[in-house]
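Structure record follows, encoded as structure tokens.
Chain letters run A, B, ... following the sequence lines, proteins first, then strands; residues in each count from 1. These numbers come from the heavy atoms of this one structure, side chains and all, not from hydrogens, waters or symmetry mates.
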Number of protein chains: 2
Amino acid sequence: MGEKVSIGEASRRCGVKVPTIRYYEQIGLLPAPPRTEANRRTFDPGYLRRLAFIRHARELGFEIDAIRTLLTLQDDPHQPCATADAIARARFAEVEQRIDSLNALKAELGVMIESCRHGKVGDCRVIEVLADHSQCTRPHH
Amino acid sequence: MGEKVSIGEASRRCGVKVPTIRYYEQIGLLPAPPRTEANRRTFDPGYLRRLAFIRHARELGFEIDAIRTLLTLQDDPHQPCATADAIARARFAEVEQRIDSLNALKAELGVMIESCRHGKVGDCRVIEVLADHSQCTRPHH
DNA sequence: CATTGCTCCTCTAGTCGCTAGAGGATGTAG
DNA sequence: CTACATCCTCTAGCGACTAGAGGAGCAATG
């Protein structure tokens with residue numbers, strides 16, 4: 001079944017851009033794949049799985065370094081998964097925090113936009129609120 | 001009242017780090033302030049207001065380029081504020097989107113963490129879900 | 001067989017918004 | 001007078017890519 005594919009095909013299948021794949025190889029997140037006689041990279045199914053793993057983890061906002069750790073964990077299935085769990089939990093906390101602060105932001109922006117009466121800049125609440133932090137409803141930041 | 005202050009004082013008052021102030025000057029977001037005889041920058045109250053404006057806008061997530069526009073708008077109070085309004089609305093939409101996608105992410109991470117039974121990596125749901133996108137509850141990304 | 005056009009290769013440099021550090025001059029307190 | 005803080009300029013680095021130059025190979029059509 002699984003045969004070797006070109007970098008373009010790997011890109012299409014995994015949803016990772018060609019230069020990004022090369023970049024991952026360059027920084028050592030992925031090993032250098034074997035080449036054809038014409039010096040082109042060839043990707044086997046295992047490699048594609050790793051690539052898809054990375055893509056998914058990146059979408060979930062994990063940093064490259066965290067992914068590096070997760071990948072090495074994945075390679076040794078007998079290790080306890082406490083590390084993987086900790087990484088996921090840390091990311092969860094980050095995301096929660098980020099949501100909170102974005103919600104505060106959204107409220108702030110909402111007030112700004114609401115109270116803009118679309119006149120001249122001189123009376124614009126958007127500009128005014130930006131100019132004066134003390135007008136913020138909450139000390140969100 | 002308003003007298004001229006040093007870069008360190010400006011930094012303290014506006015909550016913008018010293019190198020960042022110099023950086024803003026370098027990229028032309030702020031004008032080059034006058035200097036003392038000993039070549040030190042001096043900041044007057046008007047400059048400090050601009051700096052505070054920038055800081056607040058950055059906290060609200062506006063990009064430097066947007067801030068550049070907002071600053072020039074601020075300088076001409078007779079212009080209609082439609083542009084400022086549009087910038088704020090665009091940012092609002094961005095924030096909303098970001099919140100949505102972070103909520104999806106949070107759910108995903110929550111499921112991962114919940115179903116990790118803290119055994120070996122080989123059975124770890126965290127690793128497993130990352131490796132297989134199709135296990136995601138929703139096609140959030 | 002030749003040409004066209006796509007994919008691939010390497011390499012360097014750019015993006016954004018800072019941040020860090022070197023190396024040196026000046027200001028302030030004890 | 002001597003510390004030490006603050007200031008100056010300049011260059012380089014961060015993360016995670018992205019863009020572009022310049023060149024080679026491969027597949028399909030005429």
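Between atom CZ of residue B:Arg22 and atom CD of residue B:Glu25 there is a gap of 9.0 Å, rounded to the nearest 0.5 Å. Expressed to the nearest 0.5 Å, how far CZ of A:Phe62 lies from CG of B:Leu109 amounts to 5.0 Å. Atom CG of residue A:Leu30 and atom CG of residue A:Leu71 lie 7.0 Å apart, to the nearest 0.5 angstrom. For the atom pair CZ of B:Arg49 and CG of B:Asp44, the computed distance is 8.0 Å after rounding to the nearest 0.5 Å.
Comparing B:Ala38 and A:Arg58 by the nucleotide of DNA chain D whose heavy atom lies nearest to each, the residue mapping closer to the 5' end is B:Ala38. Map B:Ile7 and A:Glu63 each onto its nearest nucleotide of DNA chain D; the residue landing nearer the 5' end is B:Ile7.
Computed from coordinates, the A:Asp65 CG to D:dC14 C1' distance equals 12 Å when rounded to whole Å. Regarding A:Ile27, its CD1 atom lies at a distance of 14 Å from the C1' atom of D:dT18, rounded to whole Å. A:Asn39 has its CG atom 11 Å from the P atom of D:dC26, to the nearest Å. Atom-to-atom, OH of B:Tyr23 to P of D:dC14 comes out at 17 Å; the value is rounded to the nearest Å. Rounded to an integer number of Å, the gap from CZ of A:Arg35 to C1' of D:dG25 is 14 Å. Rounded to an integer number of Å, the gap from CD of A:Glu37 to P of D:dC26 is 9 Å.
Running 5' to 3' along DNA chain C, contacts with non-hydrogen atoms of chain A at under 4.0 Å begin and end at C:dT7 to C:dT10.
Proximity of a side-chain donor or acceptor of A:Thr42 to a complementary backbone N or O of A:Val5 within less than 3.5 Å is not detected.
A close approach under 4.0 Å does occur between a side-chain nitrogen or oxygen of A:Lys17 and OP1 or OP2 of D:dT18. An OP1 or OP2 oxygen of D:dA24 is reached within less than 4.0 angstrom by no side-chain nitrogen or oxygen of A:Arg40. Distances shown here put a side-chain N or O of B:Arg22 below 4.0 Å from the OP1 or OP2 atom of D:dC8. For B:Ser6, no side-chain nitrogen or oxygen approaches OP1 or OP2 of D:dT6 to under 4.0 Å.
The local environment of CZ in A:Arg98 is sparse, with at most 12 non-hydrogen atoms from other residues, nucleotides or ligands closer than 6.0 Å.
For A:Arg68, the salt bridge (Lys or Arg N to Asp or Glu O under 4.0 Å) partners at least two apart in sequence or on another chain are A:Asp65.
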